[in-house]
Amino acid sequence: MTTFAWGSATDIGKVRTTNQDQLLTADPVFVVADGMGGHAGGEVAAAIAVDEMAKVTEMSSLNGLVEVIQNANREIVDRAKLEPELRGMGTTVVALVGMTLEGEDRIAIANVGDSRLYLRTPDALVQLTEDHSLVEALVRDGRLSREDAATHPQRNIVTRALGIDEKALVDAWELVPVAGDRYLLCTDGLFDELDETTILDTLHSIDEPARAATILVDAACDAGGRDNVTVMVVDVVETDREMPDPPIDRVVATYKAIPDAVERLEAGQMEHGPSDPHPDEIYVDRSDARPPFLTWRLGLFVAAVLIVLAILAASLVAYARSSYFIGIDGQDVVIYRGQEGGVLWFDPTVEERIGVTVAGLDADDLAAVSDGIGFDSLDEARQRGDELRQRSSTDESP
Ligand code: MN
């Protein structure tokens, strides 16, 4: 099981009257949620999400994580139905969960809304989650630049949240944990105030996760603090696998817009939930950049498949070339090698001519020859060829 070290901080900011952000650090479950709507609604929705996630003690599939998030969504929807003053409440959720998948350590992450999860790399802050927000959709459409998105007046409008529909659309990823990796989970109150370089510098210079989180939250407040700010830093301390030279891409699999729990999918497969509200949005993208231990496993599988194919091909060739038949080639009666009509792309070839033309055959022999007379060996075919020649009326001997 992966060992984590973590720290977090949250602040109401300089403008808001309540802090509707919620966080959960319950190793191996780490969650940040940004509540929205109503007077107390946002706080309640975010709290329900976090409480639901807190019930998880262990995780053995990405399925499990998607299911828990769907449960949280249902809880929020049901609660809003019961209490009219909470109507319209919702929350984002971004989660990182350590899990063991088929005996190997993995990290499952998932998000709904515009809270983010980043991986710190030596020279960049890589955002692994995708914002479900209006500005992100505009940027994707090419109608807004990445720079303008950061200051867009409607940048807090989310296109997905828990508590809106009976089913939430969840994006999820399976990652390889690598000792030394540092993950950052945060609400928009952080990245709306600080640029990524500033965030990265702090993550590099401050080792202790809780201190790094506090410094980042304070910096966001100092920069304006126009929203609640929540920051969680999760470090991978130890994992079951030594990877001296790990690939920078930790993502093993990506699952987009999953309305239902999913099985682990193989490349090219897709799975739709029966009540999927946005079938067009569903796609599964398995990363090409697989870590080496998956590559050799895949390599063995490919090698096995190739060997089986080679054996099949060899038997096919043997079968295709193993027999003979007497047939017609133009005006000549000939011995063919191969199967009459061919086998796949192996057409029969003329082995030898027997010195008889079609015109020399009697009616019965002509009928037999046009159908093709099959033999298991060349000798048998030659023998019949001799008989045909003897009966032939136009023996072309000089
Ligand atoms: Mn926020």
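Numbering of ligands and ligand atoms starts at 1, following listing order. Note that this is a predicted model, so its numbers are computed, not measured. Note that the numbering runs from 1 along the sequence shown for the chain.
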- Message: Taking R211's backbone N and O only, do any of them form a donor-acceptor pair with E208's side chain (distance below 3.5 Å, no angle check)?
- Response: yes

- Task: Describe, in one word, how the ring planes of Y336 and F325 are oriented to each other, choosing from parallel (under 30°), tilted (30 to 60°) and perpendicular (over 60°).
- Result: parallel

- Message: For a distance under 2.8 Å, tell me if D188 has an N/O/S atom near the Mn ion (ligand 1).
- Response: yes

- Backbone or side chain, does D34 get an N/O/S atom under 2.8 Å to the Mn ion (ligand 1)? yes

- For the Mn ion (ligand 1), the nearest N/O/S atom on D227 is atom OD2

- Task: Look at D21 and state whether any of its N, O or S atoms is less than 2.8 Å from the Mn ion (ligand 1).
- Result: no

- Message: If you compare all heavy atoms of I107 against all heavy atoms of P177, which two are closest, and at what distance to 0.1 Å?
- Response: CD1-CB, 3.8 Å

- Sidechain-backbone polar pair: Q339 side chain, Y319 backbone, donor-acceptor under 3.5 Å: yes

